[in-house]
Amino acid sequence: MTDPDPTSRNRLDEEESPYLRQHADNPVNWQPWDEAALAAAEEQDKPIFLSIGYAACHWCHVMEEESFADEDIAELLNENFVPIKVDREERPDIDSIYMSICQQVSGRGGWPLNAWLTPDGDPFYVGTYFPPEPKRGAPGFRQLLDDISESWADSEDRAEMEDRARQWTDAIANDLETTPDQPGDAPGEDVLDTTASAALRGADREFGGWGKGQKFPQPGRLRVLMRAHRSGGRDAYREVVGETLDAMGDGGLYDHVGGGFHRYTTDREWVVPHFEKMLYDNAELARVFLTGYQFTGRERYRETARETLEFVERELTHPDGGFYSTLDAESEGEEGEREEGAFYAWTPDGVDDAVAEYGPEHGVPGEQASLAAEIFRERYGVTATGNFEGGETVLTRSASVESLADDYGLSLGDAEDLLDAATTAVFAAREERPRPPRDEKVLAGWNGLMVSAFAEAAVVDDESWAGTATEALDFARDHLWDADSGRLSRRFKDGDVDIRGYLEDYAFLARGAFDTYQATGEVEHLAFALELARTIETEFWDAEEETLYFTPQSGESLVARPQELADQSTPSSAGVAAELLLALDHFVDHDRFETVASGVLATHGGRVESNPQQHPSLALAADAYRSGAHELTLAADPLPESWRETLAETYIPRRLLAPRPPTDDALAAWLDALELADAPPIWASREARDGEPTVYACRSRTCSPPTQDLDEALDWFED
């Protein structure tokens with residue numbers, strides 16, 4: 001039955017998004033972004049008030065409590081606007097469109113993102129957080145609603161607003177949708193060094209990372225620096241990698257008790273984070289710490305990655321294998337109110353009590369409880385004054401275990417044992433605290449990023465991690481993938497599947513499937529990657545513009561069809577897709593994947609060269625295109641343990657593993673599974689020799705002799 005006036009009530013209780021459900025009890029008559037709400041704006045001739053956020057967003061919670069729960073403000077919204085709520089994690093296309101204009105007109109962005117639109121969806125006023133009343137130069141939300149509704153009712157003012165809306169919509173299209181008028185070339189062979197040099201110039205050499213205020217992880221830049229250094233780049237590239245990995249792993253960005261990373265830090269020194277934990281950050285940071293271990297040989301980086309993956313398995317994994325999206329920044333504090341960081345911060349008394357109560361059952365001898373607590377406090381900087389609100393402390397590595405052993409007259413082994421036991425006790429005590437809320441929607445693209453991390457860990461740390469990657473891929477295939485139509489849905493929540501997949505969903509999940517094939521040698525994962533890649537070609541590739549769009553051509557028509565070229569909180573989906581298609585080109589009997597990848601790189605080569613630091617994923621793809629992958633065809637079943645050890649310890653910058661069965665007879669079943677008449681070049685005539693596991697190293701269509709010695713094959717790359 002059609003609702004005669006959907007705007008007469010708050011409809012968010014019908015939605016599955018945890019973020020939208022957070023607003024279902026607001027007095028605001030919130031609408032989801034759907035045909036009913038958009039049609040109501042047209043019919044009632046009201047502007048749309050669009051508010052975009054996500055479940056773990058701190059300032060979204062603040063604005064809800066201050067404004068959206070206020071009866072008077074709700075009345076203004078309900079009478080004069082069609083209020084629409086959007087979860088940016090479910091609808092990144094809508095978010096990117098209106099974030100584009102916010103950044104263009106204000107020079108900054110963030111969430112909540114609030115925009116006022118014409119009934120056609122064209123924006124004419126935009127901002128982020130607004131206090132209910134004017135504060136520190138920011139306009140008050142209540143007054144804004146009054147002013148905008150009065151201007152909409154005035155014909156002259158409205159004409160100006162509509163004219164501005166047309167101009168802003170053109171600006172959005174110019175920013176997100178258009179491609180260069182003249183065809184260009186893919187970035188040259190120096191793209192890696194150019195991008196690394198830009199990253200070096202912008203690096204904070206005192207505290208690590210990039211920026212002089214808030215500090216966000218930048219894993220793409222770290223990948224560029226590592227690859228550029230290995231290609232003969234400056235020693236400073238290596239230094240910045242170490243400085244940044246150390247800063248992120250030692251500071252408050254990292255959860256030293258439970259593992260995993262928070263979203264970003266509010267300070268230059270990496271001490272106090274915004275405490276939400278996002279799946280995508282933990283995926284990309286686990287991968288880059290694993291690569292950092294191979295690049296530097298520092299075991300502590302692999303340990304950080306391992307602890308991060310353990311956190312994801314423990315706290316962000318669906319019982320059937322997919323990964324949840326986020327943990328909130330806020331949880332219930334001692335006074336019963338929601339507080340940011342309440343779950344993670346400590347006082348000296350809190351540490352002492354935790355070790356005294358939980359230490360004996362976790363390996364702390366009763367007579368050493370005070371000593372263990374003191375060592376923990378010294379190690380992680382827990383002081384009476386603290387470094388956070390209310391005299392509490394965000395844990396950071398503040399003293400080395402070696403120095404603590406010397407200070408307390410202990411052997412290094414005894415100090416480590418006491419510290420480990422105290423940490424376990426503190427973790428046990430923390431488990432009794434009210435937990436941060438969890439956003440339990442499963443997103444295809446973010447799951448793909450996490451699958452890649454577990455697959456990489458199966459190569460670099462322990463092959464058992466591949467089981468988690470495989471289970472997550474099975475979950476995506478079972479719940480989000482429609483094999484008959486070849487289409488992927490973005491979101492699963494409590495059995496409900498919705499939203500057409502975006503480029504990031506296909507590209508990230510396809511890369512995860514391909515990485516799992518590389519780690520396991522199981523052909524079904526390669527087959528899934530190829531299926532997803534074929535849909536990238538048919539749904540997102542525009543041959544006339546020679547670009548990959550973020551939204552599918554069969555999807556909803558918005559005021560612009562965005563592209564995602566720059567790395568932001570997640571890698572550029574166009575960059576990931578381009579590098580992935582170049583890798584998958586080795587496994588197909590056509591050149592269409594290479595055509596798409598080279599077309600994207602040529603179309604956007606000028607953008608990469610003019611602003612390389614913002615486009616590391618496209619730069620990495622361009623480097624792979626210009627330099628070729630380091631291909632290792634592994635004809636073995638199973639891989640020799642010595643090979644696994646070598647692959648775990650060796651940094652191979654453009655590594656492409658192509659495991660295959662040792663015999664051509666066994667390979668025939670793989671070709672049937674992939675619907676290939678003949679073996680692709682990367683497998684053809686590369687069977688095991690003399691019945692022994694055999695490796696073939698190839699680059700740019702030139703190959704080493706077959707060998708049973710993996711080190712010999714890797715040495716061939718250096719010749």
Side-chain angles (χ1 to χ4, degrees), residues 2-3 6-7 11-12 14-17 19-20 30-43 47-54 82-102 113 115-123 126 165-166 168-170 172-178 441 443-446 480-482 485-493 496-509 532 535-542 545 547-564 573-574 577:
T2 304
D3 194 332
T7 65
R11 295 199 288 134
L12 298 188
E14 302 165 6
E15 297 298 307
E16 290 296 336
S17 159
Y19 173 65
L20 298 188
W30 289 116
Q31 308 293 297
W33 182 283
D34 64 8
E35 291 183 7
L38 300 176
E42 291 272 8
E43 292 167 7
I48 294 167
F49 170 66
L50 174 65
S51 184
I52 304 175
Y54 58 100
V82 172
I84 295 180
K85 260 288 172 194
V86 165
D87 183 341
R88 67 170 291 261
E89 295 172 356
E90 288 194 342
R91 294 299 304 264
D93 54 339
I94 295 173
D95 180 58
S96 69
I97 286 170
Y98 297 107
M99 185 62 74
S100 167
I101 196 61
C102 182
L113 175 62
W116 284 261
L117 322 176
T118 68
D120 292 330
D122 298 338
V126 68
R166 285 189 291 271
W168 282 12
T169 299
D170 288 344
I172 292 170
N174 186 61
D175 181 39
L176 296 179
E177 187 173 69
T178 58
K441 65 178 180 289
L443 298 175
W446 296 11
L480 295 170
W481 174 246
D482 185 331
S485 65
R487 296 297 180 267
L488 183 69
S489 294
R490 176 167 175 80
R491 188 263 289 150
F492 171 95
K493 174 66 168 64
D496 184 77
V497 175
D498 198 15
I499 307 170
R500 292 172 183 253
Y502 301 105
L503 178 61
E504 74 168 34
D505 296 304
Y506 287 87
F508 296 172
L509 191 61
L532 291 164
T535 307
I536 290 175
E537 179 193 359
T538 57
E539 278 284 326
F540 299 93
W541 169 243
D542 186 315
E545 297 293 334
T547 195
L548 285 167
Y549 285 103
F550 185 74
T551 55
Q553 65 177 5
S554 61
E556 179 182 356
S557 178
L558 301 171
V559 297
R561 190 181 181 198
Q563 303 164 89
E564 188 182 63
S573 54

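On a predicted model such as this, the values are computed, not experimentally measured, just so you know. Note that these values count all heavy atoms, side chains included, but never hydrogens, waters or copies made by symmetry.
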Distance (rounded to the nearest 0.5 Å) between [X] [atom1] and [Y] [atom2]:
{"X": "L509", "Y": "L480", "atom1": "CG", "atom2": "CG", "answer": "8.0 Å"}
{"X": "S17", "Y": "D496", "atom1": "OG", "atom2": "CG", "answer": "11.0 Å"}
{"X": "F540", "Y": "R561", "atom1": "CZ", "atom2": "CZ", "answer": "8.0 Å"}
{"X": "W541", "Y": "T547", "atom1": "CH2", "atom2": "OG1", "answer": "7.0 Å"}
{"X": "S51", "Y": "I84", "atom1": "OG", "atom2": "CD1", "answer": "11.0 Å"}
{"X": "K441", "Y": "D87", "atom1": "NZ", "atom2": "CG", "answer": "4.0 Å"}

> For W33, what residues pass the side chain to side chain donor-acceptor pair (under 3.5 Å) criterion, not counting sequence neighbours?
Replying inline: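 Applying side chain to side chain donor-acceptor pair (under 3.5 Å) to W33 gives E556.
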
> Residues in side chain to side chain donor-acceptor pair (under 3.5 Å) with E42, at least two apart?
Replying inline: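 In terms of side chain to side chain donor-acceptor pair (under 3.5 Å), with neighbours along the sequence ignored, E42 is linked to no residue.
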
> Judged by modelled atom types alone, do D93 and T551 share a side-chain donor-acceptor pair under 3.5 Å?
Replying inline: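 No, T551 and D93 have no side-chain donor paired with an acceptor closer than 3.5 Å.
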
> Without hydrogens or angle criteria, can the side chains of E539 and S554 be said to hold a donor-acceptor pair below 3.5 Å?
Replying inline: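 Yes, a side-chain donor-acceptor pair sits under 3.5 Å.
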
> Of E504, E90, E89, which meets salt bridge (charged side-chain N to carboxylate O under 4.0 Å, His left out) against R490?
Replying inline: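 Result for salt bridge (charged side-chain N to carboxylate O under 4.0 Å, His left out) with R490: E504.
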
>> Run the side chain to side chain contact (heavy atoms under 4.5 Å, CB included) test on Q553 and T538 for me, step by step, so that the C-alpha distance in whole Å, both residues' side-chain angles and the decisive distance to 0.1 Å come before the verdict.
In response: CA-CA 9 Å; Q553 65 177 5; T538 57; 5.7 Å; no

Closest heavy-atom pair and its distance - [X], [Y]:
{"X": "I97", "Y": "A560", "answer": "CD1-O, 3.4 Å"}
{"X": "A444", "Y": "L488", "answer": "CB-CD2, 4.0 Å"}
{"X": "F508", "Y": "G445", "answer": "CB-O, 3.2 Å"}
{"X": "A37", "Y": "P32", "answer": "CB-O, 3.4 Å"}
{"X": "L548", "Y": "A574", "answer": "CD1-O, 4.4 Å"}
{"X": "V559", "Y": "Y98", "answer": "CG2-OH, 4.2 Å"}

> Between R91 and Y502, does a side-chain hydrogen bond (donor to acceptor under 3.5 Å, both in side chains) hold up when you go through it step by step?
Replying inline: CA-CA 9 Å; R91 294 299 304 264; Y502 301 105; 2.8 Å; yes

Any non-hydrogen side-chain atom of [X] less than 4.5 Å from a side-chain atom of [Y]?
{"X": "L38", "Y": "Q31", "value": "no"}
{"X": "R88", "Y": "M99", "value": "no"}
{"X": "V126", "Y": "W168", "value": "yes"}
{"X": "L176", "Y": "F550", "value": "no"}
{"X": "P552", "Y": "Y506", "value": "no"}
{"X": "E177", "Y": "Y549", "value": "yes"}

> After noting the C-alpha distance and the side-chain angles of L20 and W30, does the key distance pass the side chain to side chain contact (heavy atoms under 4.5 Å, CB included) rule?
Replying inline: CA-CA 9 Å; L20 298 188; W30 289 116; over 6 Å; no

> If only atom types and distance count, is the side chain of T169 paired as donor or acceptor with the main-chain N or O of A165 below 3.5 Å?
Replying inline: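 Side chain of T169 to backbone of A165, a donor-acceptor pair under 3.5 Å: yes, one is there.
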
> Given the rule in the side chain to side chain contact (heavy atoms under 4.5 Å, CB included) test, do L12 and K85 qualify, once you have shown the distances and angles that lead to the verdict?
Replying inline: CA-CA 8 Å; L12 298 188; K85 260 288 172 194; 3.9 Å; yes

>> Test ring-ring contact (aromatic ring centres under 6.0 Å, His included) on Y54 and Y19; report intermediate values, then the result.
In response: CA-CA 6 Å; Y54 58 100; Y19 173 65; 7.5 Å; no

> Excluding sequence neighbours, so at least two apart, what forms side chain to side chain contact (heavy atoms under 4.5 Å, CB included) with A36?
Replying inline: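 Testing A36 for side chain to side chain contact (heavy atoms under 4.5 Å, CB included), a comparison that skips the adjacent residues, returns P6, R11, D34.
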
> Which of these, L50, I48, I101, sits in a side-chain contact (heavy atoms from CB on, under 4.5 Å) with P123?
Replying inline: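 Testing P123 for a side-chain contact (heavy atoms from CB on, under 4.5 Å) against L50, I48, I101 leaves exactly one candidate, I101.
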
> Between D505 and R500, is there a salt bridge with N-O shorter than 4.0 Å?
Replying inline: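 Salt bridge absent between R500 and D505.
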
